[in-house]
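Remarks on the structure that follows.
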Amino acid sequence: KNLPGFTAEVIGNVDGRSFSGTTTVDLEGDLTVETDEDAGTEWVEDQLGSIVLHRQASNSSRPKPVLRFADDDDEHPLGRLLIFDGGRFASSYRVRDGQLSVVNRNIGPMNMTITVLDNKRNAEGKFLPHSYVVQYWDAKTGRLLRTETVQIRWQRVGGFDLPAEQTVTIASESGLAVRTFRLTKHKLLPK
């Protein structure tokens, strides 16, 4: 909330190809990434775009979905199952100890499950993701398509926790791939 935007230098590696450049995230959450490697630019834009989207204050005028418990099982090791009726992704969640532990979504031809492995609390006591696993399933057959393990680190700049490093390890039929970026020299934009 009230993030004025920021700039940072970026370095990383996509499938064995190193890249470097800069990124800017503006007041509205729009971002630009410029690197010396096209694959690096595209991947960092996708990853940072997701980070920004999931942390922006919502200004949506859409009706809020209705939350309900899916069952009476409050002893599940990953937490109580919640369903959002009316959500656009047919989402369900598990909540344990006041934090999301699982997110299930339908994204067209695939189903996706995010299982949170570790969160960290920031200075205000809010949870920041530290590591999680994302599994993608074929929506028709249920076949596992790929698994991504994500590790993310944060840098406190002023009163804001900004992304500092992200590593994604992808396992699929094609083998194992590793993609990573690091942001340094963060600067908040003037308000």
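Quick note: numbers below take in every heavy atom, side chains included, and nothing from hydrogens, waters or symmetry partners. Worth saying up front: this structure is predicted, and the values here are computed from it rather than measured.
Note that the OG atom of Ser91 and the CZ atom of Arg105 stand 4.5 Å from one another [nearest 0.5 Å]. In this structure, CD in Gln151 is found 10.0 Å from CG in Asp118, a value given to the nearest 0.5 Å. Within the model, atoms CG of Asn119 and CG of Leu128 stand 8.0 Å from one another, a figure rounded to the nearest 0.5 Å. Atoms CZ and CD1, from Phe69 and Ile83 in turn, are 11.5 Å apart once rounded to the nearest 0.5 Å. The structure places CD of Glu9 at 8.5 Å from OG1 of Thr7, a figure rounded to the nearest 0.5 Å. The CG atom of Leu67 sits 4.5 Å away from atom CZ of Phe84, with the distance rounded to the nearest 0.5 Å.
Residues Thr184 and Ile11 have side chains not in contact (no heavy-atom distance under 4.5 Å, counting atoms from C-beta outward). Inter-residue side-chain proximity for Trp154 and Pro129 is flagged as met; some heavy-atom pair is nearer than 4.5 Å. Side chains of Ile114 and Met112 form a contact here, defined as non-hydrogen atoms less than 4.5 Å apart.
Considering all non-hydrogen atoms of both residues, Arg96 and Pro77 come closest at NH1-O, 3.0 Å. For the pair Val25 and Leu189, the tightest heavy-atom approach, listed with the atom from each and the gap, is O-CD1, 3.5 Å.
Through side-chain heavy atoms spaced under 4.5 Å, either directly or across other Ile, Leu, Val, Met, Phe, Trp or Tyr residues, Leu81 is tied to no other residue.
Of the possible polar contacts, one joining the Thr35 side chain to the Thr41 backbone as a donor-acceptor pair under 3.5 Å is found. Of the possible donor and acceptor atoms, one in the side chain of Arg94 sits under 3.5 Å from a partner among the backbone N and O of Gly79.
For residues 66-84, the pairs satisfying side-chain hydrogen bond (donor to acceptor under 3.5 Å, both in side chains) are Arg68-Asp85, with sequence neighbours left out.
For Glu173, the CD atom sits in a loose shell: 12 or fewer heavy atoms of surrounding residues, nucleotides or ligands are nearer than 6.0 Å. More than 12 heavy atoms of other residues, nucleotides or ligands lie within 6.0 Å of CD in Gln99, so this atom counts as buried by the packing criterion.
Put simply, Val102 and Val150 are part of two different groups of oily side chains (I, L, V, M, F, W, Y) that touch within less than 4.5 Å, one to the next. Under a hydrophobic clustering in which Ile, Leu, Val, Met, Phe, Trp and Tyr are joined whenever their side-chain heavy atoms come within less than 4.5 Å, directly or via other members, Leu31 and Val44 fall into the same cluster. Linking Ile, Leu, Val, Met, Phe, Trp and Tyr whenever their side-chain heavy atoms come within less than 4.5 Å puts Val103 and Ile107 in one cluster. There is a path of hydrophobic side-chain contacts, each under 4.5 Å, that joins Val95 to Tyr132.
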Pairs under 3.5 angstrom only: tabulate donor-acceptor contacts from the side chains of residues 14-22 to other protein residues two or more places apart or in another chain.
from	atom 1	to	atom 2	distance (Å)
Asp15	OD1	Arg179	NE	3.2
Asp15	OD2	Arg179	NE	3.3
Asp15	OD2	Arg179	NH2	2.9
Arg17	NE	Glu37	OE2	3.1
Ser18	OG	Asn13	ND2	3.3
Ser20	OG	Asp36	OD2	3.4

Pairs of donor and acceptor atoms involving the side chains of residues 159-169, under 3.5 Å and at least two apart or interchain, shall be tabulated with distances.
from	atom 1	to	atom 2	distance (Å)
Asp161	OD1	Arg156	NH1	3.2
Asp161	OD2	Asn122	ND2	2.8
Asp161	OD2	Arg156	NH1	2.7
Gln166	NE2	Gln47	OE1	2.5
Thr167	OG1	Thr180	OG1	2.9

Which pairs of donor and acceptor atoms, one on a side chain in residues 133-140, lie under 3.5 Å apart (sequence neighbours left out)?
from	atom 1	to	atom 2	distance (Å)
Asp138	OD1	Lys140	N	2.8
Asp138	OD1	Thr141	N	2.9
Asp138	OD1	Thr141	OG1	3.3

| task | Evaluate side chain to side chain contact (heavy atoms under 4.5 Å, CB included) for Phe181 paired with Leu48, printing each intermediate quantity in order. | result | CA-CA 10 Å; Phe181 72 83; Leu48 274 180; 4.2 Å; yes
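The aromatic rings of His186 and Phe6 are tilted relative to each other, their planes meeting at an angle between 30° and 60°.
Residues passing the side-chain contact (heavy atoms from CB on, under 4.5 Å) test with Thr32, sequence neighbours excluded: Thr24.
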